[in-house]
Amino acid sequence: MGKFIPVALPSIGKKEQAYAADCLKTSWISSIGKYIDAFEKKFAAFCGVKHAVACSNGTVSLHAALLAAGIKPGDEVIVPALTFIATANAVVYCGAKPVFADCEPDTWNIAPASIEKLITKKTRAVIAVHLYGHPADMAPILRIARKHKLILIEDAAEAHGAEYRGKRVGSIGDIGVFSFFGNKIITTGEGGMVVTNSASLANKVRMLKGQGMNPKRKYWFPIIGYNYRMTNIEAAIGLAQLERAPSLLRKRRVIAGWYYKHLKKARNLILPVEKKWARNVFWMFTVVLKDGSRAGRDKVMKGMHKAGIETRPVFYPMHVLPPYRKKGISLPVTERVARNGINLPTYTDITEKDVAYICKTLVKLTEIR
Ligand SMILES: *Cc1c(COP(=O)(O)O)cnc(C)c1O
């Protein structure tokens, strides 16, 4: 009794505390300061891109990225139906319309074959989401985007450090977006980043996040912008996290290894994959119940909860949520994964003993008839 294993937990060490304390001691607590600059530089290098612009969270980073890419009212943007709602909401903030694509049965990422069918005269961009830490299949998506002159945006909020054919996610499309929310692989509490190799896109994002001010003429505002700035304290925490990134990323794979080992004999579960061309960073180790397994997904989650284990359902598909509900759309793969998927606890300080206990409980709940 009394055992509780959360689904996610940030790993805050001495370094994060020291850097944040330095901001407080020196009173550099607002959105200017050395940690902002250092975090942006180091994050650009981490992704292998030329520019990184820090923002206040992942959602507004997406919004700024879409605006910088020129998304306007009436435009259509193709996004996967299986994602966190922020991906679709950011499109709506621009007055544009998200159009939902189906996903691949194994990686659960946007299916290239599903994209091409949705392209109309109004389509301006595609957002590829690297779901739960596994990169989307970028080469065919990039080919479709180039052929139809669409902007390709990567929503890498769940995949810091993941690689597609040796390239870090965020560096492959035209513009990439990250989140540093408390449950993400690298966190600043709340925070986000836009990355790109294009100086022009980076400058536009920088203007948009700072009320639209001309960087060369103080208090001259050529456009309407926003206050989407990150604080120096958040960046200080982020810099410390980034300096620890190699060990944070290594640990995620160790945890995934424990899950694979302890779920080897689970007959009613589909386990996450790692494609030959991918390096999965396992943001959330996710399993999908096979159709026809004994208990439904929600019943399994209830059983896990009773055993002191927090889990999460895989995202509800966008096209079934009230703001986006639409009759007549059927995305069968997305619907099956969403109906049967469970995110299991995945965080730096989890132990193999905890993982073994989670797996034993899960197998028991899914195997008995
Ligand atoms: C977390 C997340 C976001 C939004 O990030 P916030 O920092 O919470 O605003 C966007 N897209 C995906 C796929 C996410 O998981």
Side-chain angles (χ1 to χ4, degrees), residues 7-10 39 43 52-67 71 77-94 98 100-101 103-104 107-110 125-136 138 141 152-162 169-170 172-173 175-195 205 208-209 226-231 234-235 237-238 241 252 272 280-286 312-318 321 323-324 334 337-338 341 343 346-347:
V7 77
L9 199 67
F39 185 38
F43 199 77
V53 184
C55 297
S56 20
N57 58 60
T59 308
V60 303
S61 304
L62 272 167
H63 184 208
L66 285 159
L67 289 175
I71 301 306
V77 177
I78 297 171
V79 307
L82 195 65
T83 183
F84 181 52
I85 194 165
T87 317
N89 285 352
V91 173
V92 174
Y93 300 162
C94 302
F100 301 115
C103 69
E104 302 273 25
T107 64
W108 314 320
N109 281 316
I110 192 165
V126 176
I127 305 181
V129 181
H130 306 299
L131 204 69
Y132 303 133
H134 193 291
M138 293 304 286
I141 300 172
L152 179 53
I153 297 168
E154 290 175 74
D155 181 343
E158 304 181 356
H160 315 67
V169 298
I172 303 154
I175 192 160
V177 171
F178 290 83
S179 162
F180 304 117
F181 183 64
N183 64 9
K184 301 292 160 83
I185 295 173
I186 289 172
T187 184
T188 60
E190 292 273 8
M193 192 78 83
V194 179
V195 300
V205 171
L208 285 163
K209 83 165 205 183
Y226 302 83
N227 177 356
Y228 282 172
R229 296 185 295 263
M230 176 184 272
T231 69
E234 289 166 331
I237 296 168
Q241 290 263 295
R252 293 262 160 189
N280 190 343
V281 284
F282 298 100
W283 173 52
M284 290 246 169
F285 195 91
T286 301
R312 281 184 9 179
V314 158
F315 297 121
Y316 292 99
M318 294 304 106
L321 292 175
Y324 298 114
T334 297
V337 174
N343 302 131
T346 317
Y347 54 88

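Indexing begins at 1, ligand by ligand and atom by atom, following the structure's order. Predicted, not measured: the structure shown is a model, and the values here were computed from it.
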Under 4.0 Å from a heavy atom of V129: which atoms of ligand 1 are those, numbered in the order shown and with their elements? 13 (C)
Compute the minimum heavy-atom distance from S61 to ligand 1 and say whether it is under 4.0 Å. no
Below 4.5 Å, heavy atoms only, C-beta onward: do N183 and R312 meet side chain to side chain? yes
Need the ligand 1 atom indices (1-based, order shown) with element for anything under 4.0 Å from a heavy-atom of G191. 7 (O)
G58: numbered ligand 1 atoms lying under 4.0 Å from its heavy atoms: 5 (O), 6 (P), 7 (O), 9 (O)
Just by distance, do the side chain of T187 and the backbone of F180 share a donor-acceptor pair under 3.5 Å? yes
Once ring pair (Phe, Tyr, Trp, His ring centres under 6.0 Å) is applied, do any residues pair with Y226, and if so which ones, sequence neighbours excluded? H63, Y228
Which of the atoms in ligand 1, numbered in the order shown and given with their element, are less than 4.0 Å from a heavy-atom of T83? 13 (C)
Residue that, paired with Y132, satisfies ring-ring contact (aromatic ring centres under 6.0 Å, His included) out of F285, F315, F84: F315
Got a donor-acceptor contact below 3.5 angstrom from the W283 side chain to the H160 backbone? no
Would you mind checking which non-hydrogen protein atom is closest to atom 14 (C) of ligand 1, with the distance to 0.1 Å? K184 NZ, 3.2 Å
Is a side-chain donor or acceptor of N109 paired with a backbone partner of E104 at a separation under 3.5 angstrom? no
How close does the nearest protein non-hydrogen atom get to atom 4 (C) of ligand 1, and which residue and atom is it? T59 OG1, 3.6 Å
Tell me: protein heavy atom nearest atom 15 (O) of ligand 1, and distance? E158 OE2, 2.5 Å
Applying side chain to side chain contact (heavy atoms under 4.5 Å, CB included), run through F39 and T188 and close with a yes or a no. CA-CA 11 Å; F39 185 38; T188 60; 4.0 Å; yes
Nearest candidate to atom 10 (C) of ligand 1, where distance is taken over non-hydrogen atoms, out of D155, L82, V177, N57: D155
Atoms of ligand 1 less than 4.0 Å from T87 heavy atoms? 11 (N)
I need the atoms of ligand 1 closer than 4.0 Å to a non-hydrogen atom of A86, numbered in the order shown. 4 (C), 10 (C)
Any side-chain heavy atom of Y324 sitting closer than 4.5 Å to one from V92? yes
